Amino acid sequence: MRRTNYFLNTIRETPSDADNISTRLMIKSGMIRKLASGIYEWLPLGFRSLKKVEMIVRQELDKIGGIEVWLPVIQPKELWLKTGRWNVYGKELLRIKDRKEQEYCFAPTAEEVITDLVRKEITSYRQLPILLYQFGLKFRDEIRPRFGVMRSREFYMKDAYSFHISEEDCLKWYQKLYDCYSSIFKRCGLNFKPVEAATGAIGGNYSHEFMVLADTGEADIAFCSCGYAANVEKAEIKQSENLTDPSLFEELRDVETPDLYTVEDVSKFLSVPPDRFIKTMFYVGDDNKVILALIRGDHQFNENKIMKVLNLSLLEKLTEDEYSKIIGGKVGFAGPISIKDIAQKNGKKIDVIIADFHLKGVLNGVSGANKDDKHTININYPRDYSVDIWADIKTASEGDMCPKCGEKLRFAKGIEVGQIFKLGTKYSSKLECYYLDENQQKKTMEMGCYGIGISRTVAAAIEQHNDEKGIIWPLAISPFHIYMITIETDDNEVMKKSQYLYDKLINLGIEVLWDDRDERPGVKFNDADLVGFPYRIVVSQKTLLNGEVEVKKRNEKLPFRIPIEKIDDIVKEIKSIL
RNA sequence: CGGGGCGUGGCUCAGCUGGCUAGAGCGCUCGGUUCGGGACCGAGAGGUCGUCGGUUCAAAUCCGACCGCCCCGACCA
């Protein structure tokens, strides 16, 4: 493509609202423009990259037997009511009405539609397993969109769903998808890591996220040299705390802490470090069970872990109102001592007290006194309070030990570009997605679902591959392979040679953007660096003196020259990488 | 949803204690000189100053409402 005939505007000034590297570069290099909050236009350069990622994903899925379909983005309320998600999904689900006042939603995902389709079309074990996938727009009305197309409201996604006669078969395919995803991101030229992911409300142990490693990522990953890697939302911790020595226990005492209830404030006020605090949190789980969770003051609750330990599908913070009623006082002063009795006295019930195992190592701890504006000091287990369940319920952080090998966990930031999930029968049972087995028995299908954020993958690649001048594309997903610059566009000979070279490359199947503009060389060089194609070729009077052209790789410092007829070597090199 | 900020040519922004024809840089068009790392000179095109209402002799400027955009927060007592 000749630049003079193409639609590409690079811009010098950075838009004021671009909040991360990839967004800045995508806007400056003319890949995307913002139309509204979390909604972007993809211009030719960006679109080419998007299509390349899409093609890689398609090829790899086809290899393992995936079959492509195309599903509606406007989906009827009815289906979402059946799975219960119309009410559960919240404001993220964009709801719309047609002229007849019928309600629909704009697809944030497609489990409902695909399961309904399979229910109607697939009825025999002979037709299973099947892996269906599609590419499509998704809309999730995020609270606060940010980071350009990495966390936009409208985005382009590949979603795949598999259906099976058994859990074993589903797991077999789960592994296939895992391997497939690894191939995909490898082909895209990304430095990534598959990590164990939290399964949240769906439960089960099988979900992995594929993380592109980048400091600007939103996700925190815990990993270990032994190979263990997990999202911190999920990461387990090796349990190691021993009980403290009772001979060191000091006398229990209440102290005044007027209007101070955060760990930070009380810690300062009493000059006791946060790691000697017992933080309390009330939750409500399934069947309105009241749960009191205890954790060390310097740690963070991990609700996923609590749900898993207690086998819950719901877990919410108790309302402040209920909290007050239970302890009969102000919010912020609850503590573990005799808390169940206090609740009972107030006509309430605490069903279970769950505590993080690190609390066993807290000597002479501090917590709320269950009295307004008072904290209790020198709290010790088991002398002063009881616990129903000890478990690992803290979010993994610096200093924690790997659950597999006991070494210290390390941490990194990542951008989640894909996730795979064993769903079980969550959707198939609610939507009555059954099949007949060889004994004429009606059975519920086992399902898996697998997503890749295509638009996010493009941004993640840039986030990971750039320098102060611009993007450094991995060849496989670069919009073009070569940025060709002609210096003296008013020199007929130079233009003729350039045209010759351009035609030759195009005929060999190489994608070339030819900068044939009447611009100063510096402008063209800077654009070449900014758009970041892997190869830059310069044709000029100087290079042609020896019948040569200049070649520079974007990821190398120095250019070199080759005879114009030797361009086939570059072509070969490109093809060998692709 | 709470707090803060912003809305002025395509982009980045100045002007805003009311006052003359609304500015700069970048980009764009035309002419000329330049030409291997974002040149220079000259001439242009392009704005109902987010929208609606109010105050005033006079509003981009003050007031109000609304709309839009951005940032922080909205689990961890």
Side-chain angles (χ1 to χ4, degrees), chain A residues 9-20 23-24 27-28 30 33-39 90-91 143-148 233 257 259-267 274 277-284 291-306 315-324 326-327 329-335 356 366-370 372-373 375 393-395 397 468-470 485-491 494 515 517-530 536 538-545 549-550 552 559 561:
Chain A
N9 293 324
T10 55
I11 51 181
R12 291 190 200 189
E13 278 176 285
T14 310
S16 50
D17 55 4
D19 52 2
N20 68 328
T23 308
R24 270 198 294 279
I27 292 173
K28 286 184 76 170
R33 296 286 183 255
K34 186 163 82 175
L35 178 64
S37 177
I39 299 176
K91 288 193 171 167
I143 291 178
R144 190 146 82 83
R146 57 190 118 170
F147 307 134
E233 290 172 1
T257 50
D259 285 322
L260 299 171
Y261 49 84
T262 64
V263 168
E264 199 190 344
D265 291 346
V266 180
S267 165
F277 277 69
I278 301 163
K279 204 152 64 170
T280 58
M281 182 77 154
F282 282 105
Y283 288 102
V284 202
I291 297 138
L292 178 67
L294 307 176
I295 200 169
R296 216 169 77 184
D298 57 329
H299 291 166
Q300 312 271 311
F301 287 104
N302 184 326
E303 292 171 6
N304 291 302
K305 288 183 177 178
I306 298 175
L315 188 71
E316 279 174 13
K317 217 174 71 167
L318 195 66
T319 61
E320 298 207 350
D321 195 39
E322 276 295 304
Y323 175 118
S324 278
I326 288 176
I327 68 160
K330 282 208 270 192
V331 167
F333 296 94
D356 186 76
V366 177
S367 192
N370 295 319
D372 286 359
D373 298 321
H375 275 74
I393 59 168
K394 85 170 271 257
T395 301
S397 60
E468 66 286 347
K469 296 226 150 202
I485 295 172
T486 299
I487 301 286
E488 300 89 358
T489 51
D490 52 352
D491 180 325
V494 178
D515 196 340
R517 293 174 303 166
D518 177 21
E519 283 286 353
R520 293 171 66 84
V523 173
K524 299 184 186 183
F525 289 135
N526 280 310
D527 264 4
D529 289 337
L530 178 61
R536 185 187 81 190
V538 177
V539 185
S540 72
Q541 289 169 348
K542 265 201 238 169
T543 66
L544 289 175
L545 275 181
V549 293
E550 180 190 277
K552 183 179 173 300
R561 291 195 181 180

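The structure presented is a predicted model; accordingly, all values stated were derived computationally and were not measured.
For A:Glu550 against B:G36, a side-chain-to-base donor-acceptor contact under 3.5 Å is present. Under 3.5 Å, the side chain of A:Asn9 and the base of B:G10 form no donor-acceptor pair of N or O atoms.
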Report all interatomic pairs (protein N or O, nucleotide N or O of nucleotides 24-26 of chain B) with separations under 3.5 Å.
residue	atom	partner	partner atom	Å
B:G25	N2	A:Glu13	OE1	2.7

Please produce a list of atom pairs where a protein N or O lies less than 3.5 Å from an N or O of nucleotides 68-74 of chain B.
residue	atom	partner	partner atom	Å
B:C69	OP1	A:Ser37	N	3.1
B:C69	O3'	A:Lys34	NZ	3.3
B:C70	OP1	A:Lys34	NZ	2.9
B:C70	OP2	A:Ser37	OG	3.1
B:C71	OP1	A:Asp19	OD2	2.8
B:C71	OP2	A:Arg144	NH1	3.4
B:C72	OP2	A:Arg144	NH1	2.6
B:C72	OP2	A:Arg144	NH2	2.3

If you restrict it to nitrogen or oxygen atoms, what contacts under 3.5 Å exist between nucleotides 6-8 of chain B and the protein, and what is each distance?
none

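Not counting sequence neighbours, A:Lys552 has no partner by the side-chain hydrogen bond (donor to acceptor under 3.5 Å, both in side chains) test. Not a single ring-ring contact (aromatic ring centres under 6.0 Å, His included) links A:Phe277 to another residue, sequence neighbours left out. Residues meeting the salt bridge (charged side-chain N to carboxylate O under 4.0 Å, His left out) test with A:Arg536, sequence neighbours left out: A:Glu550. Under the salt bridge (charged side-chain N to carboxylate O under 4.0 Å, His left out) criterion, A:Lys524 pairs with no residue, sequence neighbours left out. Applying the side chain to side chain contact (heavy atoms under 4.5 Å, CB included) rule to A:Glu488 yields the partners A:Asp490, A:Asp491, A:Val494, A:Ser540, A:Gln541; only residues at least two apart in sequence or on another chain are considered. In this view, A:Lys305 and A:Asp392 satisfy the side-chain hydrogen bond (donor to acceptor under 3.5 Å, both in side chains) rule, not counting sequence neighbours. Looking at residues two or more places apart in sequence or on another chain, you find no ring-ring contact (aromatic ring centres under 6.0 Å, His included) involving A:Phe525. In this structure, the salt bridge (charged side-chain N to carboxylate O under 4.0 Å, His left out) partners of A:Asp298, at least two apart in sequence or on a different chain, are A:Arg296. With sequence neighbours excluded, the residues forming a salt bridge (charged side-chain N to carboxylate O under 4.0 Å, His left out) with A:Arg517 are A:Asp515, A:Asp527, listed by chain and number.
Between B:C69 and B:A77, the distance separating the two P atoms is 34 Å to the nearest Å.
Pairing partner, B:C69: B:G5, with both Watson-Crick or wobble hydrogen-bond distances short of 3.5 Å. Pairing for B:A43 is with B:U29, a Watson-Crick or G-U wobble pair whose two hydrogen-bonding atom distances lie under 3.5 Å.
One finds the OG atom of A:Ser367 at 11.0 Å from the CZ atom of A:Phe333 (value rounded to the nearest 0.5 Å).
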